[in-house]
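Below, all heavy atoms of this structure are taken into account, side chains as well, without hydrogens, waters or symmetry copies.
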Amino acid sequence: MKARNSVRTKFLIAFTLLFTLGFLATELVNIAGLPFSSFNGWAGNARQEAASHLTLVADLNQNELKHWFVERFSDVQIIINNEITTADFSTLAAFSHHMELDGGVDEGSWSQLRHRGDFNRISTFLSLVKMTHGEGQVNPYETIRIIDIETGRVLVSTDDVEIGSVPDIDKNFWIENTRAGQTSIVNVALNLGDSFPHLAIAHRLMDMNKTVIGVVILEVTVEDVFKPLFETRSGLGDTGEVVLVDENSRILMPLRHSLKDGSTARVLEHKIEAKPATLAAAGYEGLIESNDYRGHEVMAAYRHIRVSPNWGVGMVIKIDKEQLYAPVSQSVRASLWVVTIGLGIMVTLILILIRQLTRPMRQMAQVATQLAGGDRSVRSNLNTKDEMGLLSTAFDGMADNIELTWQKLEHRSAELKLVNQELESFAYSIAHDLRAPLRAIDGFSQALLDDYGEALESEAREYIGYLREGSQEMGHLIDDLLKLARVTQGEICMGKVNLSECAAEILQKMKDSDPERVVTTYVAPGGVVKGDTRLLTVVMENLLGNAWKFSSYEQHTYIEFNVVHKSGRVLCQVKDNGVGFDMAYENKLFEPFHRLHSNEEFEGSGIGLATVQRIIHRHNGHLQVKSKVGEGASFCFELDSGEAGSG
């Protein structure tokens with residue numbers, strides 16, 4: 001029969017587990033690194049490389065933006081420090097104020113202004129600045145204009161259409177901030193229909209007397225300012241992105257991805273609550289792993305560019321951690337494939353090796369099975385020179401010793417059987433030979449009393465009575481001795497025996513034999529055991545008979561038979577409220593012919609309990625007794641229940 005948990009299976013399982021655990025430990029170290037060492041693993045290296053790349057890109061973009069804003073403020077300084085601007089704008093502003101005082105302005109009035117020399121000189125100068133500092137550059141100016149501080153109107157602009165108008169970008173913003181003492185001012189606004197807002201950089205314009213007369217505004221499209229950042233984003237993979245926000249966390253350019261709900265965020269309207277953006281907007285700089293506006297886990301470098309006292313830009317350069325660790329996942333998958341293939345090859349080789357190693361084991365197991373089945377002539381006869389060969393030699397030697405010992409046991413068993421037969425014949429012969437003299441003694445004693453009793457003295461008749469009682473008691477002892485011999489030597493016929501029914505019948509017969517005696521009995525049901533009906537009936541007759549006999553002096557006798565089932569065994573108890581005995585004599589209680597009470601107290605031969613003990617032992621049971629003088633006795637024995645799975 002093939003073993004369910006063979007050595008081959010156990011060895012294969014153990015090797016596979018060890019190989020798998022070793023691989024998992026190695027992969028874990030490769031991925032997560034080795035603690036307390038400089039080895040960071042694939043994940044650590046990927047994170048470190050991504051952090052370095054994001055930090056480098058963020059620093060470069062931050063420096064580039066700072067440089068760009070420095071150049072723009074430098075252009076503003078060129079305009080406000082030029083004598084043409086300060087001198088001619090004063091006269092131009094005075095002319096504008098005079099026109100409005102004379103009855104208002106109209107298109108003709110602004111046409112008249114455009115023909116003035118001071119207007120043309122300033123306009124030419126602004127166009128030259130725009131062409132020189134913006135044309136052909138990465139971020140050309142959309143418009144350069146100068147606003148009158150008194151009226152808020154555009155008096156000079158590179159866009160001739162604006163002359164005389166009030167700017168759409170926060171009409172009162174420039175005037176109020178300039179009058180509040182702001183020197184350099186920055187504002188971002190979104191014109192109707194534009195997807196990108198306009199960025200305006202302004203500076204107050206003063207005349208020769210240091211009086212503020214106007215505001216110089218350089219306006220560009222945010223798209224033109226931050227266009228290099230879009231080019232940077234292309235180096236961040238499919239999920240990389242550059243996010244720009246103002247100090248209120250409002251986005252300054254369109255986001256690359258949709259929001260959590262699938263909608264598209266509007267520039268200068270949507271406020272990002274994600275931690276990297278809020279940190280950048282608040283003026284902090286650093287590197288963080290967090291969730292972005294989509295709720296995805298990202299690694300992000302965040303920076304803040306302070307442009308002016310009233311305005312700054314928060315910049316976040318981020319990449320999804322899923323993309324970040326994609327190379328690690330690919331390496332893990334590749335390793336899994338390699339290990340799976342390697343494991344398959346190794347398992348095949350191990351199976352071949354195990355088959356070779358376990359073949360002698362299987363052969364010896366088969367030999368051991370045949371030997372256990374009774375074939376004592378079988379031998380393994382392995383001629384290998386390894387440990388299995390030594391084991392085979394030792395096993396064959398053990399089998400030879402078993403064969404020799406078995407032969408000796410068979411010889412001794414035959415001798416013992418012959419001796420038992422001789423003893424049994426001797427016992428029957430002794431019993432038969434002893435009965436005849438005893439009957440003769442008893443018969444002639446009775447004849448002597450019948451024929452010559454009147455001639456004998458009373459003392460002589462008493463002696464003859466003692467002689468008869470002795471011969472009769474000797475006859476009873478011989479009968480009990482033969483019964484004990486039959487119990488010991490007879491064959492057992494196993495079957496199911498209901499001891500509860502047997503106890504009830506025996507107690508009822510005892511009650512019928514002495515109807516005047518007050519006796520209360522209890523018999524527990526379910527006392528079904530496996531055993532010999534005849535022998536177990538003898539056990540119940542002896543135990544219940546003793547309980548009946550030794551409780552006869554009680555005014556009210558109580559005898560009970562209890563049953564307890566446990567783990568395929570049945571514990572039976574016979575208990576009474578009789579005279580009991582001293583437990584110091586427990587060991588002598590089961591010796592043949594040994595009695596704890598005299599014949600004057602209770603009749604008996606001392607064979608009953610010895611018979612009970614031998615019957616219980618022949619049923620592989622165990623007999624226990626508990627008693628106390630004057631408090632009755634309890635005899636317990638345990639037998640098989642006869643159910644499936646029991647002993």
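With rounding to the nearest 0.5 Å, the separation of NE2 in H556 from OG in S551 is 10.5 Å. A distance of 11.0 Å separates CG of L623 from SG of C572, quoted to the nearest 0.5 Å. We find the CD1-NE2 distance between I616 and H622 to be 11.0 Å, quoted to the nearest 0.5 Å. The distance from atom CD of E273 to atom CG of N291, rounded to the nearest 0.5 Å, is 13.5 Å. Taking CG from L571 and SG from C636, the interatomic distance works out to 5.5 Å, rounded to the nearest 0.5 Å. Here the CG atom belonging to L639 is positioned 7.0 Å from the CG atom belonging to L499, to the nearest 0.5 angstrom.
The backbone N or O of E560 lies less than 3.5 Å from no partner atom in the side chain of T521, so there is not a single donor-acceptor pair. Using modelled atom types, one side-chain atom of S641 and one backbone atom of G568 make a donor-acceptor pair closer than 3.5 Å. Side-chain atoms of T239 do not come within 3.5 Å of backbone N or O of Q323 as any donor-acceptor pair. Looking at N498, its side chain never comes within 3.5 Å of a backbone N or O of V528 through a donor-acceptor pair. For N577 (side chain) and Y558 (main-chain N/O), a donor-acceptor pair under 3.5 Å exists by modelled atom type. Between the side chain of S627 and the backbone N or O of G632 there is at least one donor-acceptor pair closer than 3.5 Å.
Nearest heavy atoms, A503 versus M540: CB-CE, 3.6 Å. The two residues V563 and S500 make their nearest non-hydrogen contact at CG2-OG, 4.2 Å. The two atoms that bring K321 and M299 nearest to each other are CG-N, 4.0 Å, heavy atoms only. For the pair G531 and L536, the tightest heavy-atom approach, listed with the atom from each and the gap, is CA-CD1, 3.9 Å. Listed here is the closest heavy atom pair of E541 and M510: O-CE, 4.4 Å. Minimum interatomic distance between T557 and R517 (heavy atoms only, all atoms of both residues): OG1-NH2, 3.1 Å.
A heavy-atom distance below 4.5 Å is not found between the side chains of F561 and L543. In this structure, I402 and M398 have side chains that are in contact, with non-hydrogen atoms separated by less than 4.5 Å. At least one side-chain heavy atom of C502 sits under 4.5 Å from a side-chain heavy atom of I506. Taking the side chain as every heavy atom from C-beta outward, V538 and T611 approach each other to under 4.5 Å. The closest side-chain heavy-atom distance from E297 to E322 is not below 4.5 Å. Side-chain contact between I559 and W548: present, with at least one pair of heavy atoms (C-beta onward) separated by less than 4.5 Å. Between V539 and F635 the shortest side-chain heavy-atom distance does not fall below 4.5 Å.
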Exercise. Under the side chain to side chain contact (heavy atoms under 4.5 Å, CB included) rule, what do L404 and K408 come out as? Steps first, then yes or no, please.
Key: CA-CA 6 Å; L404 181 61; K408 291 180 179 179; 4.0 Å; yes
Exercise. Evaluate side chain to side chain contact (heavy atoms under 4.5 Å, CB included) for V523 paired with L507, printing each intermediate quantity in order.
Key: CA-CA 9 Å; V523 177; L507 289 172; 3.8 Å; yes
Quiz item: side chain to side chain contact (heavy atoms under 4.5 Å, CB included) between D640 and V529: does it pass, once the steps are laid out?
Solution: CA-CA 6 Å; D640 288 338; V529 298; over 6 Å; no
Self-check item: H619 vs L535, side chain to side chain contact (heavy atoms under 4.5 Å, CB included): CA-CA, chis, key distance, verdict
Solution: CA-CA 10 Å; H619 284 76; L535 295 180; 4.2 Å; yes
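Salt bridge present: R294 and D320 bring a charged side-chain N and a carboxylate O closer than 4.0 Å.
Side-chain atoms of S634 and Q573 include a donor-acceptor pair closer than 3.5 Å. No hydrogens or angles considered: nothing links the side chains of K496 and T533 as a donor-acceptor pair under 3.5 Å.
Partners of E410 under the salt bridge (Lys or Arg N to Asp or Glu O under 4.0 Å) rule, at least two apart in sequence or in another chain, are R376. Shown here are the salt bridge (Lys or Arg N to Asp or Glu O under 4.0 Å) partners of E638, two or more places apart in sequence or in another chain: K566, R569.
Around the NZ atom of K511, the shell of radius 6.0 Å holds more than 12 heavy atoms that belong to other residues, nucleotides or ligands.
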